[in-house]
Structure formats: C-alpha cells, structure tokens
Peer 1: 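Before I ask anything, let me first share the structure, which is written out below as structure tokens.
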Amino acid sequence: MYINESVTSIKGIGESKAKSLNKLGVYTVGDILLRFPRTYYIYKEPLKEEDLSKHVGEKIAITLELRSNAMLKKTKRFDIVLAKGFTPNLIIELVWFRTPYIRNQLYTYTPLVFFGKLIEEYGTYKMEQPEIYQPREYENLCKKPYPIYSVTKGISNKLIIKTVEEALNNVTFEEYLPEKIIKNNNLYGINDALKHIHNPDTLDDYYNARKRLAYDEIFKFLLSLEYYNSNEVKIDNTFSITNEKIVENAITKLPYELTNGQKMALKDILNDFKSPFVTQRLIQGDVGSGKTIVAFLSMLYMVSNGYQAAIMAPTEVLARQHYKDFMDLITLFGLDYKVVCLTGSTKAKERREILEEINNNNQLFVVGTHALIEDKVEFGSIGLVITDEQHRFGVKQREALSNKGYNPFTIVMSATPIPRTLSMIIYMGMNISNIKDVPKTKLPIKNCVVKENMRPNSYKHILSEIKKGHQAYIICPLVEAKEITEAENVLDYKEKLLEYMPNNIRIEVLHGKMKPNEKNDVMERFIKGEIDILISTTVVEVGVNNPNATTIMIENANRFGLAQLHQLRGRVGRGSYQSYCIFIDSSEGSEINKRLSIMNSSNDGFFIANEDLKLRGPGDIMGIRQSGEANFKLADIYNDAELFSLAKSDIEKLIEDGHTFEELDRAYL
C-alpha cells in the first residue's frame with residue numbers, strides 16, 4: 001500500500017464509503033493519515049452509586065443491570081426507547097430518542113456500562129442517549145485518550161479509527177526533516193508522530209506527536225515566506241499621491257474624532273504611498289477599533305488621485321456590509337466616486353456591468369470576495385489592494401489579487417491581536433501598524449462568566465434586551481451532537497430555547513454546513529432586524545456588523561481559545577448601546593475556568609493575547625485552536641509561539657549551512 005493510492009485500497013473502504021470520505025477531503029491513503037482527530041475524550045472509571053450526587057450534570061459512566069426488557073414507545077415525532085437500570089440500591093431511568101435499534105444492545109441480568117450525562121429530576125436519576133459498553137470494552141477505553149474525528153453521513157467515528165489503524169499498519173512516510181533538527185528539538189520521527197497523534201497511549205504521546213506535526217506545519221509556512229521574501233524584488237513606486245485635501249476634508253466631516261491609533265495608521269499608510277518603493281502593510285486592529293474607516297480613507301487617497309482601490313472580504317455578507325458602509329461614507333463626504341461590489345452570487349447582467357466598470361473607470365472603489373481574483377476581472381489602474389481578515393485567505397490568493405494590477409500597494413487587515421514579536425515572524429516582509437485604542441463613543445462590553453445552572457437567568461437577560469428592541473447571538477461549538485461531546489449544538493438548541501422564550505420571539509440558526517446563499521439570507525435578515533435571536537456556530541466570528549445586537553451568549557465557552565472568544569465577543573458592542581457578553585462555563589467543578597477569568601476581566605485584545613501566551617500549554621487537547629491564522633491543521637500562533645521562533649532559527653541555520661531554497665523546496669514545500 002502506498003501513500004498516494006486511492007483510499008479504496010484500505011480494507012473495508014469500498015466505492016460508497018470512499019465517496020463519503022471524499023466529502024471530508026480524503027481521497028488517498030495519505031489523506032486519511034493527515035486528517036487528525038479534532039479532539040480526544042478521556043474516559044473515567046465507572047462511578048459508584050454513592051458518588052452520583054456529586055456529578056449531576058456531568059458525563060459519567062456507571063455499571064447497571066436491566067431486570068426487564070426495554071420498551072419502545074412510538075410518538076408522532078419519533079420513537080423513544082425506555083429502560084430501567086439497577087444498582088444494588090438505586091434505579092436510573094434510561095432514555096433514547098430516534099434510535100429504536102438500541103434495544104438490540106440491551107441485555108437483561110447482564111452488567112453493562114452506560115456512559116452519558118447524569119440528570120436529576122424530581123429526586124430520580126436519569127440518563128438520556130447514553131452509550132452502551134460491555135465492562136471489558138469500557139475498561140480498555142479508560143486506558144488511553146480516545147480520538148474523536150470530524151465525520152459525515154455514512155462515516156462514523158469508529159470507521160475512521162479502524163481505517164486509520166489499517167493505513168498505519170501498511171504505509172510508511174519518508175522522513176524529510178534533517179536528523180540534527182529532530183535531535184536538537186527533541187522531536188518524534190514522522191511515523192511515530194502520525195501513530196501517536198491518531199492513537200496515543202498517554203497524554204505525553206499526544207503532546208509529543210502534536211509538537212512534531214505542528215513544527216512541520218510552521219516550518220513549511222515560514223520556509224515559504226522566506227522563499228517568497230528572498231525572491232522579492234523591490235518595485236519602484238510609480239503612483240503619484242499629491243492630492244491629500246479630499247481625505248483631510250472627509251475626516252473633518254466624520255461625526256466622531258479618529259482615535260490616535262487610526263490617525264497613526266493613516267499616517268503610516270500615506271508615508272508608504274509616498275515612499276520610493278511599493279510596500280505591504282499589516283493593519284492589526286483590535287475588535288471594534290475602527291479598521292473599516294481606515295481602509296476607506298486609505299482607498300480614498302488612491303481614488304482621489306486617479307487610481308482604483310479594492311478590498312477583498314472573506315464572506316459575501318461582509319463584502320456587502322463594506323459596500324453599504326462605503327456608499328454611506330461617499331454620501332456623508334459629498335463625494336462623486338462610484339463603488340461596485342462583486343461576489344460569487346452577483347447576477348450575470350450586473351456582473352458584466354461591474355466588470356466593464358472595473359476595466360474602464362480609473363477612479364473606482366471595488367469591494368468583493370474571492371470573486372475579484374477570477375480571470376475575467378481586469379483592473380484598469382489599481383493602486384491599492386486590501387484584504388480583510390487576511391488569515392482567511394492564503395498567500396497565493398492575496399498574491400493573485402495584487403497581481404491583477406500594476407504592482408499595487410497591499411494592506412492586510414487582521415482583528416486577531418498578536419504580540420509584536422510573533423507578528424514580526426508571521427508577517428515577515430510587512431510593515432506593521434497596530435490600532436490598540438477603540439472609539440470613545442463605544443461603551444465597554446460588560447462581561448459575565450456563569451456556570452450552567454445560571455443559564456435560565458441568562459435567558460431572562462436576553463429577553464429583557466429583546467423587549468428593548470435589541471437582538472442577541474447564542475454561540476454553540478457544534479452543529480450536531482452525534483459524537484462524544486459536552487458541547488451544545490445549534491440544531492437541538494433551538495428546540496430547547498423555545499421552551500424558555502415566548503412564541504413571538506423570532507429564532508433562527510446558522511452553521512457552516514448550510515449553503516452559502518442560506519447563510520447569507522439568515523445573516524442579512526438578522527442585520528435587518530427580522531430575527532431576534534441567532535443561534536450560531538463560530539461562522540459569525542468574522543467581522544459581521546450589527547449595531548443592534550447587544551448580547552452574545554457563548555455556550556461551553558471553556559472549550560474555546562481566548563483569541564476566538566475575543567473575536568466572538570466582538571460581534572456585540574458595535575453600536576452606541578450598552579452590550580453584554582455571557583460566557584457559559586461548562587467545565588467540571590464550581591471554580592471558574594482560568595482562561596474565562598481573563599476574558600471576564602478585560603476587553604483588550606492585546607492584553608488577552610499576551611495573557612494567552614503566559615497560559616499556553618503544549619496544545620489544547622480539546623482540539624479548538626486559539627486562532628485560524630495561516631489555516632494550520634494543528635499549529636497555533638498562541639500555543640506554539642516558541643515553535644515559531646525555533647523553526648525560524650532552524651531555517652536560517654540550514655540556509656547558512658549551504659542548503660539552497662531549491663533543495664529545501666523539494667524536501668518541504
């Protein structure tokens with residue numbers, strides 16, 4: 001069996017299963033081994049009956065015996081399986097929904113281990129949807145971390161585990177790191193790393209495997225940047241920026257004063273435009289720091305001097321939002337320039353008109369998504385390209401947009417605060433401007449960290465805000481609860497929420513598995529005020545602006561990284577109203593999670609980023625990375641800050657030792 005062979009060469013994978021795996025991006029044997037677990041579960045020993053009262057609301061295991069057959073109850077909506085499990089002195093009610101076949105696993109007068117969330121109702125213990133194990137089978141599970149993979153219809157977690165095991169037993173990856181790097185950095189070999197990331201015997205195995213594989217990702221990423229920068233030739237600046245008055249006048253017409261950070265960023269950008277060479281600049285601004293107005297005014301410098309300027313957003317909703325904001329600013333400033341917006345869903349007739357405008361109008365604001373890098377888009381005289389939320393785009397996508405013009409200036413904007421030392425590594429070759437302050441007109445968000453038992457009070461607060469005419473977000477980590485996880489999920493959550501909310505409250509859901517046009521429709525209706533509560537996964541993380549949304553409640557907040565929590569919190573507090581962020585801490589015990597305590601104490605993203613570095617460990621075993629920079633599978637700019645420094649140093653030494661980029665390119669890229 002070879003790495004590049006079809007996944008069908010693995011025992012147990014036929015054409016049908018292969019098609020399902022293709023949906024997960026798995027086509028070859030190598031693909032399945034490079035699709036890592038998204039988290040792990042640590043099974044604990046079954047509880048004794050006298051300890052149950054201490055673990056209500058938690059996922060537990062307990063050994064029970066059924067003394068009568070399970071009952072099947074049919075309702076109009078779904079089938080329900082009911083059973084009673086006995087300990088020497090207690091009875092626990094067992095309930096399964098929509099799984100009538102579960103009765104085949106339920107034996108009477110035979111000890112079975114039931115694993116699930118323990119509920120107490122009216123003095124009686126209950127478990128809903130518990131998993132069922134033979135005692136010996138469960139005992140084996142307790143011995144080591146159990147991998148949990150992302151799955152799709154027709155592909156179960158157990159099937160992926162079995163397929164990965166088969167592949168690991170039959171293929172070998174060629175080691176491509178020099179022996180001295182492996183030895184000096186105390187790294188696993190590639191095959192040991194793959195074995196232990198999928199099947200760790202201990203947590204130390206997992207940490208060491210993750211370290212090696214994260215190092216590989218970082219090494220390749222930094223090497224590609226080194227290669228790009230070493231081949232980059234300084235390009236003469238042919239753009240003439242002589243008219244500054246229009247921008248100066250526009251600033252005086254703003255209904256607020258720019259912050260010092262915004263002013264400094266604009267000054268940096270203007271200096272770039274007047275420098276001898278074309279430059280790239282990173283504008284790193286905290287959530288709500290006002291990067292959009294900086295982007296517009298930067299573009300206005302170019303447009304008012306006879307050039308085009310473009311901004312590329314990662315989503316259609318955000319692109320349309322920029323388009324509306326820019327149109328409003330054009331009106332506010334009394335300008336006579338045109339703004340066009342090109343996205344994947346732009347209709348054919350309108351698309352033709354926009355393409356013609358882009359080709360012929362030399363003083364144009366262009367807003368769009370990745371549709372801007374399509375071959376048919378031909379710019380007439382583009383002087384500035386801005387990519388918003390740059391980590392959502394690869395380097396090649398940003399390059400493709402820049403290459404559309406005649407060597408335009410490039411600005412990338414990121415709302416992920418990164419300590420400066422890390423920024424200089426990750427964004428090597430770029431000038432950096434930080435906007436650390438927020439407009440004085442914005443009230444600080446009020447934060448609250450609560451345990452799950454306070455959820456009803458949180459709902460009351462949300463309802464009171466809706467009665468004032470405002471809206472709310474509720475964020476859940478997952479879409480469906482098909483796998484072992486404590487996480488709330490958007491599809492079931494809506495049904496639960498309806499029990500608490502009056503019938504007139506308009507509730508919708510949003511998640512990544514929806515089609516793009518469905519997501520856009522929901523977001524636009526939310527922005528228009530047609531939805532009161534939006535239950536969503538983290539797809540709302542990227543800069544959507546709804547000033548009327550004043551509350552965000554984040555379920556299982558302890559499962560998220562600090563950077564992601566800060567991004568999510570930034571969905572509120574975007575208007576002049578007092579806004580609130582409620583973090584639901586589902587971790588065991590009564591003490592508040594340490595990371596959430598940091599979120600509770602500060603709204604400053606740069607402070608949070610630095611605190612995150614102090615707290616970082618060898619990788620979050622729960623699988624939710626701190627940030628999405630560079631689209632890594634495992635590596636993380638916060639948890640792996642030391643690996644970034646290490647890999648950069650290793651690359652420099654390899655080049656000093658005479659390794660050429662061509663040689664390294666064959667080995668690593």
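In what follows, residues are counted from 1 in the order of the sequence shown.
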Peer 1: Could you check whether atom NZ of K338 has more than 12 heavy atoms from other residues, nucleotides or ligands sitting under 6.0 Å from it?
Peer 2: no
Peer 1: Does a sphere of radius 6.0 Å around CD in E257 hold more than 12 heavy atoms from other residues, nucleotides or ligands, not counting ones at 6.0 Å or beyond?
Peer 2: no
Peer 1: Indicate the atoms forming the closest heavy-atom contact of C341 with Y323, along with that distance.
Peer 2: CB-CD1, 3.6 Å
Peer 1: Less than 4.0 angstrom from a charged side-chain N to a carboxylate O is my criterion; do D216 and K220 meet it?
Peer 2: no
Peer 1: Can you list the steps and then say if D650 with Y215 is a side chain to side chain donor-acceptor pair (under 3.5 Å)?
Peer 2: CA-CA 11 Å; D650 288 340; Y215 177 92; 2.4 Å; yes
Peer 1: Do side-chain atoms of Q471 reach the backbone of I531 as a donor and acceptor pair under 3.5 angstrom?
Peer 2: yes
Peer 1: Under a 4.0 Å threshold between the charged nitrogen and the carboxylate oxygen, would E353 count as salt-bridged to K349?
Peer 2: yes
Peer 1: What distance do K19 atom NZ and K23 atom NZ have between them, rounded to the nearest 0.5 Å?
Peer 2: 10.0 Å
Peer 1: Check whether any side-chain heavy atom of I293 lies under 4.5 Å from a side-chain heavy atom of L329, and answer yes or no.
Peer 2: yes
Peer 1: Using a 4.5 Å cut-off on heavy atoms from C-beta on, say whether the side chain of L300 contacts that of F365.
Peer 2: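 Sidechains of L300 and F365: in contact.
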Peer 1: If you define the side chain from C-beta out and look only at heavy atoms, does anything of N546 sit under 4.5 Å from Y473?
Peer 2: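 When only atoms from C-beta onward are counted, Y473 and N546 do touch, with a gap below 4.5 Å.
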Peer 1: Does the side chain to side chain contact (heavy atoms under 4.5 Å, CB included) test come out yes or no for L534 and M523, once each step is laid out?
Peer 2: CA-CA 9 Å; L534 182 62; M523 281 310 309; 3.7 Å; yes
Peer 1: Under a 3.5 Å threshold, yes or no: a donor from one side chain and an acceptor from the other, between D31 and T28?
Peer 2: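 Looking only at side-chain atoms, T28 and D31 do form a donor-acceptor pair, the distance falling under 3.5 Å.
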Peer 1: Give a yes or no answer on whether the side chain of Q308 reaches the backbone of F379 with a donor-acceptor pair at less than 3.5 Å.
Peer 2: no
Peer 1: Atom CG of D236 and atom CZ of F277: how far apart are they, to the nearest 0.5 Å?
Peer 2: 6.0 Å
Peer 1: Just by modelled atom types, is the R506 backbone N or O under 3.5 Å from a matching donor or acceptor in the D532 side chain?
Peer 2: yes
Peer 1: Keeping K291 on the side-chain end and D388 on the backbone end, is there a donor-acceptor pair under 3.5 Å?
Peer 2: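 No.
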Peer 1: About how many Å separate CG of N434 and OG of S414, when rounded to the nearest 0.5 Å?
Peer 2: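 S414 atom OG to N434 atom CG measures 10.0 Å (nearest 0.5 Å).
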Peer 1: Tell me, with the steps shown, if V572 and T551 meet side chain to side chain contact (heavy atoms under 4.5 Å, CB included).
Peer 2: CA-CA 6 Å; V572 297; T551 301; 5.6 Å; no
Peer 1: I need the minimum non-hydrogen distance between I552 and R569, along with the two atoms involved.
Peer 2: CG2-CA, 4.3 Å
Peer 1: Between I218 and L643, what is the shortest heavy-atom contact and its length?
Peer 2: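 Shortest heavy-atom contact: CD1-CB, 3.7 Å.
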Peer 1: Within the 4.5 Å heavy-atom criterion, are S345 and N517 side-chain neighbours or not?
Peer 2: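 Contact flag for S345/N517 side chains = no.
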Peer 1: Can you check whether L510 reaches E518 side chain to side chain, under 4.5 Å on heavy atoms?
Peer 2: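 L510 does not reach E518 side chain to side chain.
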Peer 1: Charged N to carboxylate O under 4.0 angstrom, K648 versus E652?
Peer 2: yes
Peer 1: Might you point out which heavy atoms bring I535 and C476 nearest each other, and give the distance in Å?
Peer 2: CG2-SG, 4.0 Å
Peer 1: Over all heavy atoms of both residues, which pair between S298 and V294 is shortest? Give the atoms and the distance, please.
Peer 2: OG-O, 2.6 Å
Peer 1: Do the side chain of R351 and the main chain of T343 share a donor and acceptor less than 3.5 angstrom apart?
Peer 2: yes
Peer 1: Could you give the distance from OG1 (T315) to NE2 (H370), rounded to the nearest 0.5 Å?
Peer 2: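 Those atoms lie 11.0 Å apart.
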Peer 1: Do F239 and F273 make the cut of ring centroids closer than 6.0 angstrom?
Peer 2: no
Peer 1: Using side chain to side chain donor-acceptor pair (under 3.5 Å), reason through D268 and S433 one step at a time and then give a plain yes or no.
Peer 2: CA-CA 7 Å; D268 290 341; S433 296; 2.7 Å; yes
Peer 1: Are any side-chain N or O atoms of N360 and backbone N or O atoms of E356, one a donor and one an acceptor, separated by less than 3.5 Å?
Peer 2: yes
Peer 1: For I432, is there any backbone N or O sitting under 3.5 Å from a side-chain donor or acceptor partner on Q284?
Peer 2: no
Peer 1: In Å and rounded to the nearest 0.5 Å, what is the CG to CG distance from L258 to L266?
Peer 2: 6.5 Å
Peer 1: Apply side chain to side chain contact (heavy atoms under 4.5 Å, CB included) to residues N305 and S240 and explain how you reach the verdict.
Peer 2: CA-CA 7 Å; N305 280 277; S240 176; 5.9 Å; no
Peer 1: Of the non-hydrogen atoms in R38 and S150, which two are nearest, and what is the gap between them?
Peer 2: CD-OG, 3.5 Å
Peer 1: Is there a donor-acceptor contact under 3.5 Å from the side chain of E508 to the main chain of V522?
Peer 2: no
Peer 1: Please state whether the rings of F221 and F644 are parallel, tilted or perpendicular, taking 30° and 60° as the class boundaries.
Peer 2: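 Because their plane-to-plane angle is over 60°, the rings of F221 and F644 count as perpendicular.
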Peer 1: Would you say I330 and Y337 make side-chain contact, with heavy atoms under 4.5 Å?
Peer 2: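 Touching, per the 4.5 Å side-chain cut-off.
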Peer 1: To the nearest 0.5 Å, what is the distance between CG (L318) and CG (N520)?
Peer 2: 11.0 Å
Peer 1: Does any part of the side chain of L443, heavy atoms only, come nearer than 4.5 Å to the side chain of Y577, both counted from C-beta?
Peer 2: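 No; the side chains remain at least 4.5 Å from each other.
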Peer 1: Might you work through the side chain to side chain contact (heavy atoms under 4.5 Å, CB included) test for F219 and L646, ending with a clear yes or no?
Peer 2: CA-CA 9 Å; F219 190 99; L646 201 62; over 6 Å; no
Peer 1: Using modelled atom types and a 3.5 Å cut-off, is there a donor and acceptor pairing between side-chain atoms of D640 and backbone atoms of A635?
Peer 2: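 A pair under 3.5 Å: no.
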Peer 1: Assess the side chains of N243 and S304: does a donor N or O sit below 3.5 Å from an acceptor N or O?
Peer 2: no
Peer 1: Under a 3.5 Å distance rule, please check whether R35 uses its side chain to pair with a backbone N or O of L24 as donor and acceptor.
Peer 2: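 Answer holds: yes.
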Peer 1: Answer yes or no: is there a side-chain heavy-atom contact under 4.5 Å between L335 and I246?
Peer 2: yes
